[in-house]
Structure formats: C-alpha cells, structure tokens
Amino acid sequence: MNPHTATPGPMALQDVKVVEMGQLIAGPFCGKTLGEFGAEVVKIEATGAGDPLRNWRLLQDGTSVWWQVQSRNKLSLALDLRQKEAQDIARQLIAEADVLVENFRPGTLEGWGMSPEELHAINPGLVMLRISGYGQTGPYRDLPGFGVIGEAMGGLRHLTAEPGRVPVRVGVSIGDTLAALHGVIGVMMALYHRKVNGGSGQVIDVALHEAVFNVMESLIPEYSAFGTVREAAGSALPGIAPSNAYACQDGWVLVAGNGDSIFKRLMDTIGRPDLGQAPDLASNAGRVARIEEIDAAISAWTQPRAIAQVMDALAAARVPAGKVYTAKDISEDPHYRARQMILPQTTRDGHTLEVPGIVPKLSATPGTIRSSAPHLGDDTDAVLQGLGLSGAQIAALRERGIVQ
C-alpha cells in the first residue's frame, strides 16, 4: 500500500475482476487504468520473457521503468498459451471474470478456443474488450497494426508537421493510449448496462485508427461540406486565431488568445491596442484573415523577452499561455506536486521512483497505487491456488513449462 495514495473505504471498481491478455501498450494501459480504481487485474504473460514492455526504453536492474507505471496494481500469471493446459487455465480464470482485455491480432483468441461465443457460453456476463489495429471486421482486419499506423490512418500524422515537411510523431504512443481510453469507456458502459439494465455481457471492438479518428474534430465535415483537405500547420491551430508558439529569448511560449475579449487583453499587453480595437478583428473570422500580421505583432513582443517575463505579463492579463515543459519542468512544477501528479513508488527490487499520478480525480473514490509492478510470474501460484489447484499440481505444470 502506498501511503501517499491509499484511501479508506471501497474503491470505485472494487470487486470487479479483470483478466488482461496481450502486451505492450493499448490493452495494458486499459488494465492499468481499471486497476488504479480498484479492479483486480490478473495479467497473463507469456512464459520466458513476459510482456516485451518489461525491456523497453531505459532499464533499472534489467527492468523498464516504464513497466513500473504500466503494470502497477496488477498480478502476473505466466502461462504458455500455446499449450492446451494453459488455455484451459485461462478459460477457468475468464469464467470467473467480469472483464477480459485483449489486444492480439484478430483471430488469435479464436485459435485458442476462446472466441466470444465460446467464452460467453461459460460466462454470459463477460465484458470482452478487443483492441486491434483495424478492428474485428472489415477488409483490413487481418493486417498487422501498431499505434503509429493507427495515427497515420486516423488522419493525425498528416497534420503533425510544418507545412511541406515530413510528418512527425507526436512523441508518445498516442494512438495506443487513445484506443485504451476508448476501451475503458466501453468497459464502463458495458458494466453499467449489465448492472443497471440487467443486460448480458458483450464485445467491445476498438480499432486503433478509429480511436484516433474519433478525436479529429472537424476534419471530415469540412471535407464533406467544402472539399477542404486540412493540411499541416506546424504549431498553429488553423482557423482559430491567434493560437501559436512564439519565440522568446530562452525558448518558446504557447499563447492562446483566440477568445474575443482575451484577444483585446492580449493586444493591450503587447502594446498593440490598435489591433485590439480594430473592428474587423473583433471576431475569430476576421482575425484568421489577418493572422500573419497578428502573429508577427505577438512575436515582436515575445522575442526580446525571457519566458518568465512573458508568462508573468500574460498571467496578469488573464491570457492563457504556457511554456513548453520538459520532464524536468514537470518534475519541478509545484502545481503537479500539489495535485499529486508526481508520486513516489517503490519497485519490488527496492528502488524508489517518481511516477505519474492518477487521472481522473474522483472525490469519493479516488484511484490509488496499491501495489508495485510484478516480476514475471510473481502471482502464478496464488492465482492458480485461487482456481483450486494444489501445490503439487502447480509444480507439475511448472515442470512441464505450462506455467512459470
């Protein structure tokens, strides 16, 4: 139990049992989120190396520090799902679960005798979340898909660039995370339907590219109505003015002066009341037409000043602005600390890490970090004993390589 996040009383998802199958980001991020709010999450990992995320990016004592965040509050059950006995164990566990989370390629579970029809036959109330590159249906369903491909097909990559330059990454696996969050929403709606409406279990089908596409705002309506293909615009927000990144002496500041009254205060602050009072700039449409002139005026004010000067002046004028934060900036920011968004977490190897806190903030049943991320198979014996297997049976399965 982490004393910085523990809370008395029941948690929002207490007694909800989740089986997490799959690996890396999308499915496990969903399991992480459910676990933070009290669900019991049993993560089934492959024997041998386990989830590849254990070895991604920077390692401490041979384990990724990313793993310590992605897999907290989970139990690790190591099974070789290529073997029938392991598949039988997984089915027993799923038979007692409320939720199954999987992000294999479509058809993988069916090949193991775990299709939705087969699983609902043994557990009619099962909520089954399936995250994949292109979804469980359609002509692309069998193609391999990662988050980056979903970002491209969903329309995001086309917009993340300077005009005429190569599209760039957002910097994190945003496609996977968006899919995971849509998956969490689906799980909660399905659990609500089951409990409140007396419904049965169901399948939630989340495609990576559709999760990205769902947040693309007016992209398709603008194409439908006007034939307009929205193009990359760098740090600006096309059609919304002014909203851009502006150079300072020691870095960049993002300024969002696109509200009508905000724009007037911004222009007064930078010494350009003439622009603030111009009748044609009183609304967004007029400002969009003269955005180059407005951006030049803001840049002329920010460039000779330090970030801190710009931020102080804009805060005093109640103009939304922010510096571009690095990991160091986040770690040292008092607001992050005050809202418990940087928390200590002790790994099972005894290291203390600072890790991201929990979102969203619930007033009565907040999320917690109840346990650190497990070593591979840490909980195999406990989970199998919960299914009624004896120590001798577990030892025999381990000797045959079925469990670890």
Side-chain angles (χ1 to χ4, degrees), residues 25-26 29 103 105-106 129-186 189 203-246 252 254-260 262-263 280-296 298 320 322 324:
I25 303 174
F29 191 95
N103 64 328
R105 188 182 299 188
L129 170 61
R130 314 193 74 177
I131 302 177
S132 61
Y134 301 96
Q136 302 298 313
T137 61
Y140 301 161
R141 72 180 292 270
D142 295 321
L143 295 177
F146 272 11
V148 62
I149 310 303
E151 293 163 26
M153 186 175 176
L156 180 63
R157 275 298 186 98
H158 183 68
L159 301 182
T160 52
E162 294 287 342
R165 302 186 67 180
V166 62
V168 297
R169 289 188 65 96
V170 172
V172 293
S173 302
I174 194 69
D176 291 290
T177 307
L178 283 172
L181 292 175
H182 280 83
V184 170
I185 294 168
M189 288 191 289
V203 176
I204 302 159
D205 181 1
V206 176
L208 292 172
H209 75 283
E210 290 172 353
V212 174
F213 176 63
N214 194 37
V215 299
M216 294 308 292
E217 301 175 350
S218 60
L219 195 73
I220 290 301
E222 289 173 359
Y223 178 72
S224 174
F226 308 110
T228 298
V229 175
R230 183 170 166 181
E231 300 292 347
S235 61
L237 186 58
I240 309 295
S243 182
N244 211 331
Y246 302 93
W252 296 82
L254 273 70
V255 179
N258 44 284
D260 294 346
I262 295 172
F263 175 71
D280 63 324
L281 300 182
S283 65
N284 182 70
R287 293 192 295 271
V288 169
R290 294 175 62 182
I291 187 57
E292 291 184 5
E293 179 185 0
I294 294 170
D295 276 346
I298 299 171
V324 180

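Residues: numbered from 1 along the sequence shown.
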Pairwise side-chain contact, [X] with [Y], heavy-atom cut-off 4.5 Å (strictly under):
{"X": "Leu254", "Y": "Tyr246", "result": "no"}
{"X": "His209", "Y": "Ile149", "result": "no"}
{"X": "Ile294", "Y": "Leu281", "result": "yes"}
{"X": "Phe213", "Y": "Leu156", "result": "no"}
{"X": "Leu219", "Y": "Leu159", "result": "yes"}
{"X": "Asn214", "Y": "His182", "result": "yes"}
{"X": "Val215", "Y": "Leu178", "result": "yes"}
{"X": "Asn103", "Y": "Ser132", "result": "no"}

As a quick check of understanding, evaluate side chain to side chain contact (heavy atoms under 4.5 Å, CB included) for Phe29 and Asp176, giving each step before the final call.
CA-CA 8 Å; Phe29 191 95; Asp176 291 290; over 6 Å; no
Can you tell me how far the [atom1] atom of [X] sits from the [atom2] atom of [Y], to the nearest 0.5 Å?
{"X": "Leu208", "Y": "Thr177", "atom1": "CG", "atom2": "OG1", "value": "10.0 Å"}
{"X": "Ser218", "Y": "Tyr223", "atom1": "OG", "atom2": "OH", "value": "15.0 Å"}
{"X": "Glu210", "Y": "Met216", "atom1": "CD", "atom2": "CE", "value": "14.5 Å"}

[X] to [Y] - nearest heavy-atom pair and separation:
{"X": "Pro163", "Y": "Ala232", "value": "CG-O, 3.6 Å"}
{"X": "Ala161", "Y": "Pro167", "value": "CB-CA, 3.7 Å"}
{"X": "Ala180", "Y": "Ile131", "value": "CA-CD1, 4.2 Å"}
{"X": "Val212", "Y": "Gly175", "value": "CG2-CA, 3.8 Å"}
{"X": "Asn284", "Y": "Ala241", "value": "OD1-N, 3.0 Å"}
{"X": "Ala233", "Y": "Pro238", "value": "CB-CG, 3.4 Å"}

Over 60° means perpendicular and under 30° means parallel, so tell me whether Tyr134 and Tyr140 are parallel, tilted or perpendicular.
perpendicular
Between the side chain of Ser243 and the main-chain N/O of Ile240, is any donor-acceptor distance below 3.5 Å?
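No; judged by distance alone, with no hydrogens or angles, the pair does not exist.
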Is a donor on one side and an acceptor on the other found under 3.5 Å between the side chain of Asp205 and the backbone of Gln136?
yes
Apply the test side chain to side chain donor-acceptor pair (under 3.5 Å) to residues Glu231 and His158: give CA-CA distance (whole Å), side-chain angles for both, the deciding distance (0.1 Å), then the verdict.
CA-CA 7 Å; Glu231 300 292 347; His158 183 68; 2.7 Å; yes
Check the pair Arg130 / Ile204 against side chain to side chain contact (heavy atoms under 4.5 Å, CB included), numbers first and verdict last.
CA-CA 6 Å; Arg130 314 193 74 177; Ile204 302 159; over 6 Å; no
Could you go step by step and tell me if Val255 and Asn244 meet the side chain to side chain contact (heavy atoms under 4.5 Å, CB included) rule?
CA-CA 6 Å; Val255 179; Asn244 211 331; over 6 Å; no
For the pair Arg105 and Asp142, find out whether any cationic side-chain nitrogen is under 4.0 Å from an anionic carboxylate oxygen.
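Salt bridge between Arg105 and Asp142, a charged N being under 4.0 Å from a carboxylate O: no.
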Row check, Phe263 ring normal vs Arg287 NZ/CZ: under 6.0 Å, within 45°:
yes
